[in-house]
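Taking it in order: structure first as structure tokens, then the write-up.
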Amino acid sequence: MRIDIITLFPDMFRGPFGEGLMQRARERELITIRLHDLRAFSEDKHGKVDDFPYGGGAGMVLKPEPVARALEALRRPEARIILLTPQGAPLTQKRVNALSLEQHLILLCGRYKGIDERIRRRFVPDEISIGDYVLMGGELPAMVLTEAVVRVIPGVLGDSESALEDSFQQVLLDCPWYTRPEEFEGMRVPKVLREGDHAKTKAWRQQESEQRTRQRRPDLWEQFLAEKEA
Ligand code: 4GY
């Protein structure tokens, strides 16, 4: 898979994309990530990419021409163009899994008040939100989406912990995890986990996941019950 990212701040990505499993996935060419500075697609000598909003108001708007030039230069017939915005559809694990099957994603990161509306009309990007809060730009959301997608690409995690577990587990919250020592500040690791009975361990983890989900995320619990029914 190839991911092209269009941004005014390509350097923001180099830290997060240069560490851990993300770095390893890139080195092993399980993913190709290319960063593109939007300013390079500006047509004027000062590299101007923003302008005042029609109708007035505080803040600037990203001009359509540099964005259009970047998209025209990078897009191929099979590419999915994605705009990161609080106005988008919520990013879920389901959507992440679906995106991981694509060959080519182009992520468009807005800044200031956003991108001229005609870019949407012209390129009809998928619009995705990482949550109901407002950041200062689309860069962190693009990193979040990229990391979530790369995580489920086959070979990125070891196959014993491969990301696409059974279908229910995906909507439930994770169970508690323990490692050594067996006792820490008077608290012991649950007995069932120390006994080495794989079936009992599996049942305990499932029950803990269900209990946590019911208590903390009634919305996910309802979804779980509905999907179990279907
Ligand atoms: N939340 N999910 C988000 C965001 C910042 C104004 C366009 C989000 O995806 N993107 O908060 N983005 C805005 C700021 C310009 C991007």
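Order of appearance sets the numbers: ligands from 1, and atoms from 1 within every ligand.
A distance-only check finds a donor-acceptor pair linking the side chain of R194 to the backbone of V189 [under 3.5 Å]. Under the 3.5 Å distance criterion, the side-chain polar atoms of R212 are matched with a main-chain donor or acceptor of D174.
Under 4.0 Å is where a charged nitrogen must lie from a carboxylate oxygen, and between D219 and R217 at least one such pair does. Salt bridge R24/E27: absent, no basic N to carboxylate O contact under 4.0 Å. A salt bridge does not link E43 to K48: none of the charged nitrogens lies less than 4.0 Å from a carboxylate oxygen. The residues R26 and E29 are annotated as not salt-bridged, no charged nitrogen and carboxylate oxygen being separated by less than 4.0 angstrom. With respect to the salt-bridge test (charged N to carboxylate O, under 4.0 angstrom), the residues D126 and R80 qualify.
In terms of N/O distances under 3.5 Å, ligand 1 is approached by Y133. The shortest N/O to N/O separation between I130 and ligand 1 falls below 3.5 Å.
Within the 4.0 Å heavy-atom criterion, the part of I128 lying near ligand 1 is the backbone and not the side chain. At a heavy-atom distance under 4.0 Å, only side-chain atoms of P141, from C-beta outward, approach ligand 1. When heavy-atom distances to ligand 1 are checked against a 4.0 Å cut-off, T85 comes that close only through its backbone atoms N, CA, C and O.
For ligand 1, the atoms closer than 4.0 angstrom to any heavy atom of L84 are 9 (O), 10 (N). Using a 4.0 Å cut-off to heavy atoms of V134, the atoms of ligand 1 that qualify are 11 (O). Listed by number with element, the atoms of ligand 1 under 4.0 angstrom from any heavy atom of G131 are 1 (N). The G114 neighbourhood of ligand 1 comprises atoms 15 (C), with distances under 4.0 Å to a heavy atom of that residue. Annotation for ligand 1: atoms under 4.0 Å from non-hydrogen atoms of R111 are 15 (C).
Regarding atom 15 (C) of ligand 1, its nearest protein heavy-atom neighbour is Y112 O, 3.5 Å.
Ranked by closest heavy atom to atom 13 (C) of ligand 1, the top entry among V144, L83, L91, L135 is L135.
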Exercise for review: Starting from the C-alpha separation in whole Å, work towards a yes-or-no answer on side-chain hydrogen bond (donor to acceptor under 3.5 Å, both in side chains) for T7 and E139.
Suggested key: CA-CA 7 Å; T7 169; E139 285 76 13; 2.7 Å; yes

